[in-house]
Each structure stands twice: as structure tokens, then as C-alpha cells.
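Notes for the one structure printed next.
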There are 2 protein chains.
Amino acid sequence: MTGQVRTVDGRVAGRRGQETRQKLLDCLREMLSTSPYRDVKVIDVARMAGTSPATFYQYFPDVEGAVLEIAEEMAEDSGGLKELVDGKSWAGKTGLATSEELVDGFLAFWRKNDAILRVVTLGAAEGDKRFFKIRMKVLNSVASPLAEAVRNTQGKTDKTVDGSAVAGALVTLLAASAEHSKAFTSWGVKVKDLKPSLALQVYLGVTGKKPPK
Amino acid sequence: MTGQVRTVDGRVAGRRGQETRQKLLDCLREMLSTSPYRDVKVIDVARMAGTSPATFYQYFPDVEGAVLEIAEEMAEDSGGLKELVDGKSWAGKTGLATSEELVDGFLAFWRKNDAILRVVTLGAAEGDKRFFKIRMKVLNSVASPLAEAVRNTQGKTDKTVDGSAVAGALVTLLAASAEHSKAFTSWGVKVKDLKPSLALQVYLGVTGKKPPK
DNA sequence: AACTTGTCCTGTCATGCCGTCAGCTTACCG
DNA sequence: CGGTAAGCTGACGGCATGACAGGACAAGTT
């Protein structure tokens, strides 16, 4: 699927080269989670990787290029989120459990990748198509099966409900909540209480009914 | 209320100085809406304002400092959002209208200030307390009265509903939807359809009931 | 072992932005 | 008209960027 890893000037990277490249990516990831995106400099990444800036530019056109690489890796990884929805039941108490697991899994994924997702979100908001596409891939891994679930659950009874719109809103809410969980804390809502609250929203959105007690 | 405007080295700015300062802020605002935050350089802002970089550093410690200034200005302006909720009725059809006006007003505010809000959102997500505070001020201008509305409407019938949590989730959803309206487009949801969908969510959240037909 | 080939890394350099300072110009006031 | 403070900029050291050529290295060939 993916072609050979290549340097900026067209050479094919060998074993050692790929190691260096990977080390640079790892260090960049680390930098992103410790300092503001705006302040991440090539020279710092190179220093941390024990190499020189020139080496960095052999493998990536610039910081943004390397970030895209990390982001694409993460987007691949997000495919696993599908399993949180696919083939799950939304009936009764099982449905509520499905909803809770979805919220849990999604928040965990976001927390695990929060640094890179922050940059992806910014890039998407700024109108960069490459970042936008990556963000959509992550969101769609949940939104697509969720829209399907909405259609299956409510589509027959209420034709006015747009599955895509509902699923989109829910996923948007989940992403924003994950990114800004601190805001909820400042509203006096503990992270522990946030999860069931979101799970309830998801259940309501998908089924259109109040959950069973 | 606000003390005199001062330069970085402590002088008080006079009429002419304030004009220059304002011009720099305006140009920075313009830059933010046309190029990625990461690429906004002091020298470009200065050039656009027809002045020199040294002048910029007379009025602001760095780009971030100037951005904070713009953001604070916008946060002041956000106080007007309160009127979208304060003293409004949530009963029956009037409630649905209130909800629609709220969504409309909020999205309009976000769209109007999208460039600066993008940066504020990033800063807040990165853990910068100053940006976080500004973001909370904007969100709270709607979230606070909305939480109050939830308590008034549902608090008596259902003690388990946490007004702050519901209002927080709704405002978070609105903010994220405004920031990423393009995502909805890509899900096949037109901006026109997005608004009523969000309005419905808000109505449901506040009243806990399905809207009247 | 000497040679060849292609990968990998870095020293170096021109360029450009950052952030500071001394010093010049302008405006205001008595 | 002289004093004072505001306002602005040229110039500079420092650092990041991005390109290149060339040296180090590994692996295979003769």
C-alpha cells in the first residue's frame, strides 16, 4: 500500500535512515505535547534526537510536513474506533452500555493523541485541506457507523431525523468535550460526571428516547 | 476602569501612539485571518501597518501578547451574548424561537471572530491559562444564563439534571459546530440545516421535552 | 584487501526574522 | 524658544531556516 519511505531529495531510506526518521518523529511528538505548536522549532527537535537540523530536512520538507506524517499515522490508528459502534445493540440497557463504552473509548483515544489532534484541529479550522481530511477520517471512523445506527433505530419511525446530522453533532460534541475537558471542570463538572452526561446525550441522540432505569 | 495605555518600557501612550498601536492590532487581526497562526511574523504585521518591527515591540512584548489584547477586546464584546438568553422564555413555541435565536446569534458571533477565536481555542487547549480564561469568559456569557434556564425549567421536576453540565455541553457543541461547520458540509449537512438541528438540541437540553409542532 | 556503490549524516553558508538599544525626530507646554 | 517626554527607526548580535557539497559508513564485488 504505502510506497517506500523516501527522503526529500528522492533517495530510498534504508534501515538506519528509517530509524533516524522515526526518532525525529518521536521527538517531534514529544515536543508537541510539551510546548506550544507555534514554538516548536526544527533545531529543538533535531537536538533532542541527537542529530542536526540538516538531517531533519532530509526527511521532511518542514515542521508541518512531519506533523502531517504523525497525524496520518494516528488517523490509521483511529480505524479501531469503528468497533465501538459496529455491530452493537442500542436497545434498552444494552444500548446505554454501548453508549458508555463509546464515550469512554472515544475520550481515551483523544486523550492519548491530544497533542497531535490539537494541531490537526487547528489546521482544519484554518482551512488546510490536508489536516481537514485527516480530522474527517478520525471523526468518520465513529460518525459513519453512528449515522447508520441512527438510521436503523429511528429511521423507520421518524423520517425527519437526519442520521448524518445527528451523528455529526454527537461526534463534534465528543471531540470538543475531549479537547476542552478542563472547561467542564471549571463549570464544576468533574470528569467522572462528564462521561455519563455525554453517554446520555449519545443515547438520546441515537435512540430518540429516554434511557431505561 | 482600565489604566492608561502604556508602552513596554513604561511610557504613557499619547494620541498618536495609540493610533499606531491600534493600527498594529488591526493588521495583526487581518494577518490572523489570512495566514496560519504559526506563520504570522512580527515583521509582516509591521510592514502591513507601514511601520517597523521595533515599533511593534514598543507596544507588545511579542505576537502572543498582541493576540491576547485582541482576544480580550473580543471577550468584552461577547458580553452581549447574554441578552440571547437572559429573560427569555422557554415555554412552548416561544421556547423554540428562543433556541433558534440563540443558535443564530452564537454562530454569528463566532463567525465574526473566527480567526481570533481559533487562536484562543488553541491556546486554551494547550493549557495556557490566559487564553483559557478568555475562552471561558466568552462561553460563560452564554453558559451561565443557560444553566440558570435549565435549573428553572427542569430543576423542579428532575433533581438529577445538572444545569451546569447540560449548559456546558450545549455551549461546547455550539462552539465546536461554529468552528468546524465545514465538517458538517462534508457530512452532507448544509449550514441551513445545521442551525435548526442545533436549535433542536438546545431546546431538548434546556427543557428536556420534545418541541411542539 | 582494495574498490565500488549507494546510504546517511553534518559542516557550512546565505538568508531572513527576532528582539534590543541608542539616538534621532516630533509634539506639547511653559 | 528651550525643555521634556513621546514616537519612531536604523543597526546589530543572535538564532532558525533551508540548501548543498562532501565525508563517513555499510555492504557487496572483484
Side-chain angles (χ1 to χ4, degrees), chain A residues 2-32 34-70 119 123 128, chain B residues 2-28 30-32 34-70 119 123:
Chain A
T2 60
Q4 287 167 306
V5 178
R6 285 185 178 274
T7 59
V8 166
D9 55 333
R11 282 195 342 273
V12 267
R15 185 190 56 81
R16 197 156 71 111
Q18 295 207 23
E19 272 177 19
T20 306
R21 201 183 122 99
Q22 193 56 49
K23 189 187 281 186
L24 284 167
L25 284 178
D26 291 343
C27 290
L28 173 55
R29 209 197 299 270
E30 167 83 16
M31 289 296 298
L32 284 176
T34 53
S35 42
Y37 180 46
R38 200 168 195 284
D39 299 340
V40 171
K41 307 288 179 198
V42 169
I43 198 166
D44 296 323
V45 177
R47 258 200 285 263
M48 184 183 290
T51 177
S52 80
T55 301
F56 181 95
Y57 286 106
Q58 241 186 4
Y59 296 105
F60 311 102
D62 48 26
V63 171
E64 203 183 75
V67 165
L68 272 167
E69 195 84 9
I70 297 176
V119 181
D128 187 302
Chain B
T2 61
Q4 287 167 303
V5 178
R6 285 186 178 273
T7 60
V8 167
D9 55 332
R11 289 201 325 278
V12 269
R15 185 190 55 82
R16 201 172 125 200
Q18 295 206 23
E19 272 175 18
T20 306
R21 204 182 119 100
Q22 193 56 49
K23 190 187 281 185
L24 284 167
L25 285 178
D26 291 343
C27 290
L28 173 55
E30 167 82 17
M31 290 294 300
L32 285 176
T34 53
S35 43
Y37 180 46
R38 200 168 195 284
D39 299 339
V40 171
K41 309 285 180 199
V42 169
I43 199 169
D44 296 323
V45 178
R47 259 200 285 261
M48 183 183 291
T51 176
S52 81
T55 302
F56 181 95
Y57 286 106
Q58 266 207 334
Y59 295 105
F60 310 103
D62 49 26
V63 171
E64 206 183 72
V67 165
L68 272 168
E69 195 85 9
I70 297 177
V119 180

Round to the nearest Å and state the distance from B:Gln18 atom CD to D:dG7 atom C1'. 13 Å

How many Å lie between CZ on A:Arg38 and C1' on C:dC18, as a whole number? 11 Å

B:Asp39 has an atom CG; how far is it from atom P of D:dA16, in whole Å? 17 Å

Residues 35-45 of chain B side chain polar contacts: donor-acceptor under 3.5 Å, at least two apart:
from    : atom 1 : to      : atom 2 : distance (Å)
B:Ser35 : OG     : B:Met31 : O      : 3.1
B:Arg38 : NE     : A:Tyr37 : O      : 3.2
B:Arg38 : NH2    : A:Val40 : O      : 2.3

Within this structure, what is the CD-to-P distance between A:Glu19 and D:dC25, rounded to whole angstrom? 17 Å

Between D:dT17 atom P and A:Asp44 atom CG, what is the distance in whole Å? 8 Å

Minimum-distance pair of heavy atoms, taken over all atoms of B:Thr20 and B:Tyr59: CG2-CE1, 4.3 Å

Between C1' of C:dT15 and NZ of B:Lys41, the distance in whole Å: 14 Å

So, is B:Tyr57 close to the C:dT20 phosphate, meaning a side-chain N or O under 4.0 Å from OP1 or OP2? no

How many whole angstroms separate atom CD1 of A:Ile43 from atom P of C:dC18? 16 Å

Between N or O atoms, less than 3.5 Å apart, protein on one side and nucleotides 9-13 of chain C on the other: list the pairs.
from   : atom 1 : to      : atom 2 : distance (Å)
C:dC9  : OP1    : A:Thr20 : OG1    : 2.2
C:dC9  : OP2    : A:Thr20 : OG1    : 3.4
C:dC9  : OP2    : A:Tyr59 : OH     : 2.9
C:dC9  : N4     : A:Gln58 : NE2    : 3.0
C:dT10 : OP2    : A:Thr51 : OG1    : 2.6
C:dT10 : OP2    : A:Ser52 : N      : 3.3
C:dT10 : OP2    : A:Thr55 : OG1    : 3.2

Using side chain to side chain contact (heavy atoms under 4.5 Å, CB included), reason through B:Val12 and B:Arg6 one step at a time and then give a plain yes or no. CA-CA 5 Å; B:Val12 269; B:Arg6 285 186 178 273; 3.9 Å; yes

Taken to the nearest whole Å, CE/A:Met48 to P/D:dA16 is 14 Å

